[in-house]
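Structure first, then comments.
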Amino acid sequence: MAPWIRPSSISICSGVMVVFSCVLMVMLQAAVDAAIVEHTFHVGNLTVERLGQRQVITAVNGQFPGPKVEAREGDTIVVRVVNESPYNMSIHWHGVLQRLSAWADGPGMVTQCPILPGGASYVYRFNVTGQEGTLWWHAHVSFLRATVYGALLIRPRRGVPYPFPFPHAEHTLLLGEWWNKSLVDVERQAFLTGGQPANSVALTINGVMDPDHEVLRVSRGSTYLLRLINAALNYQLFFKVAAHKFTVVAVDACYTDPYHTDVIVIAPGQTVDALMHAGAGAAAAYYVAAQVYQSVANATYTATARAILRYTSTSSDDTITPAAPSMPAVNDSATAQRFYGSLTGLLRDGGKPTVPQRVDTRMLVTYGLAIAPCLPAQTLCNRTRGSLAASMNNVSFQLPQSISLLQASRTAAQVVYARDFPDRPPLIFDFTNASSVNTNMSLMLTSRETRVKLLRYKETVELVLQNTAVLGTENHPLHLHGFNFYVLAQGAGNFLHHHRHHKIKYNLFNPQQRNTIAVPAGGWAVIRFTADNPGVWLMHCHLEAHLPFGLAMAFEVQDGPTPDAMLPPPPNDYPPC
């Protein structure tokens, strides 16, 4: 069914109406339903007080988190971003498919040059046809997304119901991290030394880290839709509400079969929509908690943020300490993988699978941390040991400096990248055997390059995403811009070993769809998508520390054969480099 045709319109198109009149009426109805949602984002300095310390952060419209953008399926969103901060800026609309609007995707030096400081501006214009659910927006330059982010909610068209019981109300919870220092300085210090950035000092819920802060007010017996967004830079999170359970109904703005759980696991970049019934005991208040999930062996960093859910119209004493949830162990990978692996997609439109059955291109992409020679500008880097880096198929991705990849792909003015990203790693080895890979220096070394994978229009791609144990295994959340993908299978160890010794069962009926997948630590995942959106699309680890290390690659999708399948030229206010 075309995404702009409402069920109510279909029922009208029966009986004696001629086909042309029916189609015309439906198109007119769609035009009437669609709206233009406009915002202006002023990005600038904001002084806030957290943990007893005053600090200047970068924020939008004087808010932290930033303003919520709300639209309905089919609407056009127009946001003028005015950069009054002292830093370069770009905004990524995380999870928006950007059909034929790649110029508005936002990652700096990929689809645009950054918006310069001093009042420069850029208008992002894009349509959200065919999408419903919880997404978000964030800065895509430097570590600035730690404070420059907000929710982007896409509701169904008027008169179109949710595919789950309508909630009494909804609440949006943005989970983040906090540093008591400038994020630009944190990133700069990591670059100079060639090491990891400093850890955050706390987690936040809606920008606050006060455990007495009330974030949910509910009425007993009612059901609420919780829209959860992990805006943290570097940590996956366990989320619980004491004495309450959830029914997950969507992830990454893709509907799921109802999944019942008392704990939600959410990686940076991911969103979860979950129904929560307010049916706990007689207590007046309960703690909401987000806790770090550590997939790295022997990791020592732990943090938990708490806030309060409070019941209205209760006779209980409000001064009593709220009940606290029992949280998983910080390294409970079994609970994390049980959640990630149990979700399935909700079949609609008659229950027919929509997974592309034919595959044109198969890729095995190994990824993880690595070591590269220190750059001249890394003045504090140990030249003997080298700089911490990351790679995909042993290519440590480097952003161009003089022109964005998308603009370069549309002109012959500058050659800043190669279209030869490899379909397989240069060497097949025991990828997840830490004892062997970390005693072989040649497996740790990588080179910095800018290479993309060229795809024909509507080519179907299947990727095996294989984690490696080089410098330690970790559950990396990989985000693909411009597409949702199907998660066909995932597991532990080496995919090739499983593939050779027994047939891996792919879910080709109702797999979950996502834009960001948390690939198991020391494991693999198989995803599939159809390249039906021309442009240059980044795929990268959404642990922010790993992007400047080079844990990324890009797909260049060619134009289709007809004008309605070709990317238009950039807008007149496209930011210059």
Side-chain angles (χ1 to χ4, degrees), residues 35-48 56-71 75-128 135-154 182-184 187 231 399-411 413 481-482 535-538 567-577:
I36 297 177
V37 177
E38 298 186 80
H39 289 265
T40 298
F41 282 8
H42 291 275
V43 185
N45 290 342
L46 174 67
T47 301
V48 298
V56 176
I57 65 172
T58 306
V60 173
N61 293 355
Q63 300 173 231
F64 172 61
K68 183 185 298 183
V69 176
E70 300 181 73
D75 286 352
T76 295
I77 296 177
V78 180
V79 182
R80 180 171 179 257
V81 176
V82 183
N83 186 13
E84 298 160 352
S85 81
Y87 311 112
N88 286 344
M89 180 56 55
S90 71
I91 300 294
H92 171 50
W93 312 94
H94 188 112
V96 173
L97 298 180
Q98 299 291 359
R99 297 291 187 193
L100 299 181
S101 56
W103 305 105
D105 190 43
M109 302 313 298
V110 178
T111 60
Q112 67 169 91
C113 296
I115 307 168
L116 298 176
S121 66
Y122 180 45
V123 176
Y124 294 90
R125 177 185 289 269
F126 53 90
N127 190 270
V128 291
L135 296 173
W136 64 302
W137 57 265
H138 60 81
H140 215 298
V141 171
S142 183
F143 280 17
L144 294 173
R145 78 170 175 87
T147 55
V148 179
Y149 64 85
L152 196 169
L153 311 183
I154 308 172
S182 162
L183 269 299
V184 173
E187 183 182 27
L399 292 169
Q401 300 297 312
S402 58
I403 188 173
S404 74
L405 290 174
L406 181 58
Q407 190 172 20
S409 74
R410 298 280 147 170
T411 68
H481 291 229
V536 177
W537 306 104
L538 192 65
L567 180 67
N572 293 332
D573 63 341
Y574 186 70
C577 284

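Reckoned from all heavy atoms, side chains included, excluding hydrogens, waters and symmetry mates.
Note that the OG1 atom of T58 and the CG atom of N45 stand 6.0 Å from one another [nearest 0.5 Å]. Between the CH2 atom of W537 and the CD atom of Q98 there is a distance of 6.0 Å, given to the nearest 0.5 Å. Taken from CG in L46 to OG in S85, the straight-line distance is 12.5 Å, to the nearest 0.5 Å. With rounding to the nearest 0.5 angstrom, the CD atom of E38 is 10.0 Å from the OG1 atom of T76.
Considering every non-hydrogen atom in both A231 and W136, the closest pair reads CB-CZ3, 3.5 Å. The two residues N88 and L144 make their nearest non-hydrogen contact at O-CD1, 3.7 Å. For the pair V82 and G119, the tightest heavy-atom approach, listed with the atom from each and the gap, is CG1-O, 3.9 Å.
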Please set out all donor-acceptor pairs under 3.5 angstrom arising from side-chain atoms of residues 102-115, sequence neighbours excluded.
unit_1: W103; atom_1: NE1; unit_2: P568; atom_2: O; d: 2.7
unit_1: D105; atom_1: OD1; unit_2: H92; atom_2: ND1; d: 3.3
unit_1: D105; atom_1: OD2; unit_2: H481; atom_2: ND1; d: 2.8
unit_1: T111; atom_1: OG1; unit_2: G106; atom_2: N; d: 3.0
unit_1: Q112; atom_1: OE1; unit_2: Y124; atom_2: OH; d: 2.7
unit_1: Q112; atom_1: NE2; unit_2: Y124; atom_2: OH; d: 3.4

Let me check something: any side-chain donor-acceptor pairs from residues 63-70 under 3.5 Å, sequence neighbours excluded? List them with distances.
unit_1: E70; atom_1: OE1; unit_2: R155; atom_2: NH1; d: 2.7
unit_1: E70; atom_1: OE1; unit_2: R155; atom_2: NH2; d: 3.2

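Screening L152, N127, V96 against I77 for a side chain to side chain contact (heavy atoms under 4.5 Å, CB included) leaves a single residue, L152. Between W137 and the options Y149, F41, F126, a ring pair (Phe, Tyr, Trp, His ring centres under 6.0 Å) holds for only F41.
The backbone N or O of L116 sits less than 3.5 Å from a side-chain atom of N83, completing a donor-acceptor pair. Without hydrogens or angle criteria, T40 side chain to R80 main chain gives no donor-acceptor distance under 3.5 Å. Between the side chain of Q401 and the backbone N or O of L399 there is at least one donor-acceptor pair closer than 3.5 Å.
Residue pairs that meet the salt bridge (charged side-chain N to carboxylate O under 4.0 Å, His left out) test with at least one member in residues 91-102, sequence neighbours left out, are R99-D532. Here side chain to side chain donor-acceptor pair (under 3.5 Å) pairs that include residues 567-577, with residues two or more places apart or in two chains, are S404-Y574. Within the structure, the salt bridge (charged side-chain N to carboxylate O under 4.0 Å, His left out) test picks out the following pairs touching residues 137-147 (sequence neighbours left out): R145-E544.
Looking at L567 and R410, their side chains come closer than 4.5 Å, going by heavy atoms from C-beta outward. L135 has its side chain out of reach of H94: every pair of non-hydrogen atoms, C-beta onward, lies at least 4.5 Å apart. Here the side chains of M89 and V141 are not in contact, with every heavy-atom distance at 4.5 Å or above.
Residues passing the ring pair (Phe, Tyr, Trp, His ring centres under 6.0 Å) test with Y87, sequence neighbours excluded: none.
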